[in-house]
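The block underneath contains the structure these notes are about, expressed in structure tokens.
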Amino acid sequence: MKKVSEKEREYLRELAKKQLEYANLPVMHEREALWYEHNDASGHRPVVILELNPFGSGLVTELKCDSELGVIIEKQLMKNIANHELVNDDKVIPTHFEVPWKLENDHFGLKIEHVTTKMADNSKSIAYKMIHPIKDLEKDFEKLRPSRFSCDREGTRQLADDVLELIGDVLPVKLVNTSLSWHFAITYHVVELMGLENMMFSMIDYPERFHQLMSFLQQDLLGCAKWQEKEGLLTLNNGNHYAGAGSYGFTKQLPAAGFDGRVRTQDLWVNMNSQESSSISPQMYQEFILPYYIETAKHFGLIYYGCCEPVHDVWEDGVKNLNHLKKVSVSPWCDEEFMGERLRGSKVIYSRKPSPNYIAVDDRFDEEAYAKHIENTLKCARGCKLEFILRDICTLKGDKKRAENAVNVIREQINRYY
């Protein structure tokens, strides 16, 4: 591995100093207080987060490091710096550098191959397909094996030590566990194993076997989290931590009672979603999907449910019955008015995902049309605890100001209508 040059070292240290400077600005302390109030259902205004890949979207156009370690450090620092300088949403810039535990999982003892295709100039991958190991659920069910979990403790600590040596005296370094962020999208794992069409047919052709599959996956995925708990690998996500589909975990409700310093699953936020089941009926969702999500939710402290799927069809007699439900995603495909009526006056947060098309698809950012889009949400969610999470923004169409402009439009509409 190429060593970090002295020039890179000095550059990274300057970036670390800049991140720490931004992290200690008075506005960051104000935002932190806002998040705690918001997540504990006593906030005075909605929070606004714009989530994007600054390197893929064009917000950051180049990296200066070329050593492997230098790139790892530069990307994290530049993501935070660019967020403050060019987005200026309600994200709280961290006062530390994060090093995630290196965790491995062989996923049910089966190889799920991803075949990618690249752009004409071979510069980057633009799509992929999965080679699903289960072709027929009845015939292939016996291929499944309990997953095997492992942690590269030495490799993780070596990386942490390397980062510490370079910037640790400027910016503290913390070990974190981010592996459970999208872990409990159970139906995503079904699609990985057999494909979406096969999943749909299997519920009809082999209903008992499909229940066996869901039970196996639920227990296996939960088993991974419990293994991490036993191994002392879990880390709290009740502060400035990603917790849910774009949201953050600031809360005084966690850790749970009885916490003695060793993190348990009940001390954590967890995100659960089932985008893959959005085409089945509410009755089928209640029969084939919901029981396994309910069983999983019991083991965690707070639940953020949903991603892009429309939850309104499965809210009644469904999602609303999840234990410890704290936030629900109201995606561009969701009936906003319906969810506003159901969440009004409750402590479950209306986590709105505005359409990304205005920002990432349209050649010109139509601020007037976007303002009306946001105004509609504010009217539908009146009386709800509300947050705006802008996601799935893959490009800014060459306009670096577009991200901050979108945030400003939302804030103006909040001031006008909330």
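Everything numeric here is computed off the predicted structure, so don't read it as measured data.
The distance from atom SG of C384 to atom CZ of R352, rounded to the nearest 0.5 Å, is 12.5 Å.
Looking only at atom types and distance, the side chain of N177 has a donor-acceptor partner in the side chain of Q228 under 3.5 Å away. Residues N240 and E32 have side chains that never bring a donor and an acceptor to within less than 3.5 angstrom of each other. Defined by atom type and a distance below 3.5 Å, a donor-acceptor pair is present between the side-chain atoms of E387 and S247.
A distance of 6.0 Å or more separates the ring centres of H241 and Y248. Ring pair H373/Y358: centre-to-centre distance below 6.0 Å. Residues F201 and Y206 keep their aromatic ring centres 6.0 Å or farther apart.
When all heavy atoms of Y293 and N273 are compared, the pair lying nearest together is OH-O, 2.8 Å. Nearest heavy-atom pair across I186 and Y292 is CD1-O, 4.0 Å. Between Y304 and N271, the shortest heavy-atom distance links the atoms O-ND2, 3.0 Å. The two atoms that bring D267 and P255 nearest to each other are OD1-CB, 3.4 Å, heavy atoms only. Minimum interatomic distance between N198 and D136 (heavy atoms only, all atoms of both residues): ND2-N, 4.3 Å. Closest approach of L254 to N238, counting heavy atoms only: O-ND2, 2.9 Å.
Between the side chain of T395 and the backbone N or O of A360 there is no donor-acceptor pair closer than 3.5 Å. Judged purely by atom type and a 3.5 angstrom limit, S215 has no side-chain atom pairing as donor or acceptor with the backbone of Q212. Side-chain N or O atoms of D106 include one that pairs as donor or acceptor with a backbone N or O of R148 at under 3.5 Å.
Cation-pi contact between K379 and Y417: present, with separation from the ring centre below 6.0 Å and deviation from the ring axis of at most 45°. For the pair R209 and F141, the distance from NZ or CZ to the six-membered ring centre is under 6.0 Å and the angle to the ring normal is within 45 degrees.
The aromatic rings of F149 and W227 sit tilted relative to each other, their planes meeting at an angle between 30° and 60°. Between H189 and F108, the angle of the ring planes goes over 60°, which puts this pair in the perpendicular group of the 30/60° scheme.
Checked for salt-bridge contact, E375 and K372 miss the test: no charged N lies under 4.0 Å from a carboxylate O.
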